[in-house]
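Residue numbers run from 1 in the order of the sequence given.
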Amino acid sequence: MEVIIKPDADAVSKEAARLFQRQLARQPASVLGLATGSTPLGLYRELAAMTQAGQIDFSRARSFNLDEYVGLSPDHPMSYRAFMREHLFTHIDIPPENTRLPDGLAPDVARHCAEYEEAIRAVGGIDLQLLGIGTDGHIGFNEPSSSLSSRTRLKTLTPRTIADNARFFGSEDKVPRHVITMGVGTIMEARSVLVLAMGASKAHAVAAMVEGPIMADVPASILQMHRFCALIIDEAAAGQLKRGDYYRWVFDHKPAWQRA
Ligand code: PGA
């Protein structure tokens, strides 16, 4: 895992945007795995600005989002489809038909999940998967105890995630209890993975992910097994790493060609 520590959240977003730009320059028809939540907002603003400036081209890209709330229609303002429309899709030139999210209203959830997996396979798999990390160490909505080889499926949110996400809904009782999420195994099949984290509230989860044992109790820890995983964090999110100075030293001394 390449751990890149940046001074602040803005620098994290800019570095992540640079990696997206490079991915699409190398492979214009990339399949992107996208995320929602607070973490990617700065990155999405950067990608919108780069699109405006003609510095990035999404016209041949495809995307699959990690997750969606069960019971919310794509038009519901708190659905992740609405989030993606508002914060990214209407600001970049990706064809709308190339963007996929799980369907929160799918009548047959198990079948829908199998079809989502098949749709990812049919386009050759995900080239670059973007992830945030939950304060409990989840990736996507794979909560602690999720199988580390799980596939896209329905998950029941933990009380902690419901509390963390209540800020988007106004109160905890409005947060749906169920989601459809790509599995940990689905995420691990992406060719490269980019995890972002900002703020002291993520410091514990980041340390457990990078330096703790690999275990289902911290689903993000399985990324230690991924061959091409970059983690870009700000100083606050790096606050509980034991080897922060070492990661900085490595970053400063790595040959440029070997960097994420
Ligand atoms: P956040 O959530 O970006 O809203 O902090 C991250 C996550 O739950 O994966």
Q: Show your reasoning for whether salt bridge (charged side-chain N to carboxylate O under 4.0 Å, His left out) applies to Asp234 and Lys6.
A: CA-CA 5 Å; Asp234 65 2; Lys6 293 283 175 185; over 6 Å; no
Q. When you measure from the side chain of Ser192 to the backbone N and O of Asp127, does any donor-acceptor pair fall under 3.5 Å?
A. yes
Q) When rounded to the nearest 0.5 angstrom, what distance separates CD in Gln240 from NZ in Lys242? A) 11.5 Å
**Q.** Check against side-chain contact (heavy atoms from CB on, under 4.5 Å), Asp10 and Val12
**A.** CA-CA 5 Å; Asp10 193 45; Val12 171; over 6 Å; no
Q) Considering residues, nucleotides and ligands other than Arg227, do more than 12 of their heavy atoms fall under 6.0 Å from its CZ? A) no
Q | Cluster overlap Leu72 with Met182, hydrophobic side-chain contacts below 4.5 Å | A | no
(Q) Please say yes or no: joined through hydrophobic side-chain contacts below 4.5 Å, possibly via intermediate residues, are Ile126 and Leu130 part of one cluster? (A) no
Q. Are Leu157 and Leu101 linked, directly or through other ILVMFWY residues, by side chains that come within less than 4.5 angstrom of each other?
A. yes
**Q.** Passing option when Glu143 is tested against Thr156, Thr181, Thr158 for side-chain hydrogen bond (donor to acceptor under 3.5 Å, both in side chains)
**A.** Thr158
**Q.** Donor-acceptor contact present, side-chain Asp103 to main-chain Leu105, <3.5 Å
**A.** yes
Q: Would you please indicate yes or no on a ring centroid separation below 6.0 angstrom for Phe251 and Tyr246?
A: no
Q | CD1 on Ile162 to NZ on Lys174, rounded to 0.5 Å | A | 14.5 Å
Q: Would you sort out whether Thr186 and Glu117 count as a side-chain contact (heavy atoms from CB on, under 4.5 Å), showing the intermediate values?
A: CA-CA 8 Å; Thr186 321; Glu117 292 271 335; 2.7 Å; yes
Q: Report the hydrophobic cluster partners of Leu154, with the cluster defined as I, L, V, M, F, W, Y residues connected by side-chain heavy atoms closer than 4.5 angstrom, directly or transitively.
A: Val70, Val109, Ile180
Q | Approximate separation, where rounding is to 0.5 Å, of His138 NE2 and Leu66 CG | A | 9.5 Å
Q) Can you list the steps and then say if Thr161 with Asp136 is a side-chain contact (heavy atoms from CB on, under 4.5 Å)? A) CA-CA 8 Å; Thr161 298; Asp136 61 4; 3.4 Å; yes
Q: Could you please spell out the steps behind the side-chain hydrogen bond (donor to acceptor under 3.5 Å, both in side chains) verdict for Asn165 and Tyr69?
A: CA-CA 12 Å; Asn165 287 2; Tyr69 289 110; 3.1 Å; yes
Q: Using atom types as modelled and distance alone, determine if a side-chain donor or acceptor of Gln224 lies under 3.5 Å from a backbone N or O of Met209.
A: yes
Q: Please report the closest heavy-atom contact between Ala236 and Ala203, naming both atoms and the distance.
A: O-CB, 3.6 Å
Q: Please answer: with hydrophobic residues joined when any side-chain heavy atoms are less than 4.5 Å apart, are Met84 and Ile120 in the same cluster?
A: no
(Q) If I take atom CG from residue Leu241 and atom CG from residue Leu231, how far apart are they, to the nearest 0.5 angstrom? (A) 7.5 Å
Q. Between Asp164 and Thr135, do the side chains contain an N or O donor and an N or O acceptor separated by less than 3.5 Å?
A. yes
Q) Has the side chain of Ser79 got a donor or acceptor atom that lies under 3.5 Å from a matching backbone atom of Pro74? A) yes
Q.
Quick check on the 6.0 Å ring-centre criterion: do Phe64 and Tyr116 meet it?
A. yes
Q) Is atom CZ of Arg22 surrounded by more than 12 heavy atoms (other residues, nucleotides or ligands) closer than 6.0 Å? A) yes
Q. With no hydrogens and no angle check, do the side chains of Arg62 and Thr99 hold a donor and an acceptor under 3.5 Å apart?
A. no
Q: Work out which heavy atom in Glu2 is nearest to a heavy atom in Ala260; give both atom names and the distance.
A: OE1-N, 2.7 Å
(Q) Within the structure provided, determine whether Val250 and Val3 are in side-chain contact (heavy-atom separation under 4.5 Å). (A) no
Q | Closest non-hydrogen atom pair between Ser38 and Phe168, with its separation | A | OG-CZ, 3.6 Å
Q: Please determine, by modelled atom types, if Arg153 and Ser146 share a side-chain donor-acceptor pair under 3.5 angstrom.
A: yes
**Q.** Pairwise side-chain contact, Ile187 with Leu131, heavy-atom cut-off 4.5 Å (strictly under)
**A.** yes
Q) Would a distance-only check, ignoring hydrogens and angles, find a side-chain to backbone donor-acceptor pair under 3.5 Å from Thr39 to Leu196? A) no
Q. Sub-3.5 Å donor-acceptor pair from the side chain of Lys155 to the main-chain atoms of His178, do we have one?
A. no
Q) Below 4.5 Å, heavy atoms only, C-beta onward: do Ile233 and Lys202 meet side chain to side chain? A) no
(Q) Could you check whether any side-chain N or O of Ser30 sits under 3.5 Å from a backbone N or O of Leu32, counting only pairs where one atom can act as donor and the other as acceptor? (A) no
Q: Taking all non-hydrogen atoms of both residues into account, name the closest pair between Ala190 and Val193 and its distance.
A: CB-CG2, 4.3 Å
Q: Return yes if some donor-acceptor pair links the side-chain N/O of His226 with the main-chain N/O of Glu189 below 3.5 Å, else return no.
A: no
**Q.** Sidechain-backbone polar pair: Arg151 side chain, Ala114 backbone, donor-acceptor under 3.5 Å
**A.** no
(Q) Go through it in stages, so that I can follow the logic: the residues are Glu235 and Arg248, the test is salt bridge (charged side-chain N to carboxylate O under 4.0 Å, His left out), and I'd like the CA-CA distance, side-chain angles, deciding distance and then a yes or no. (A) CA-CA 11 Å; Glu235 288 289 350; Arg248 289 184 189 89; 2.7 Å; yes
(Q) Between Ser73 (side chain only) and Asp75 (backbone N and O only), is there a donor and an acceptor less than 3.5 Å apart? (A) yes
Q | Residues, nucleotides or ligands: over 12 heavy atoms within 6.0 Å of Met225 CE | A | no
Q: Please name the pair of heavy atoms, one in Ile133 and one in Ala220, separated by the smallest distance, quoted to 0.1 Å.
A: CD1-CB, 3.6 Å
(Q) Let me confirm one number: the CD-CG distance from Gln129 to Leu223, rounded to the nearest 0.5 Å. (A) 10.0 Å
Q: Might you point out which heavy atoms bring Ala197 and Ala237 nearest each other, and give the distance in Å?
A: O-CB, 3.7 Å
Q. When the ring planes of His253 and Trp249 are compared, do they come out parallel, tilted or perpendicular, using 30° and 60° as the limits?
A. parallel
**Q.** Cluster overlap Val218 with Phe141, hydrophobic side-chain contacts below 4.5 Å
**A.** no
**Q.** Side-chain touch Phe89/Phe83, heavy atoms, less than 4.5 angstrom
**A.** no
Q. More than 12 foreign heavy atoms under 6.0 Å from NE2 of His87: is that the case here?
A. yes
(Q) Would you compute the distance between atom CZ of Phe20 and atom CG of Leu47 and round it to the nearest 0.5 angstrom? (A) 6.5 Å
Q: Apply the test side-chain contact (heavy atoms from CB on, under 4.5 Å) to residues Ser63 and Asn98: give CA-CA distance (whole Å), side-chain angles for both, the deciding distance (0.1 Å), then the verdict.
A: CA-CA 6 Å; Ser63 71; Asn98 284 9; over 6 Å; no
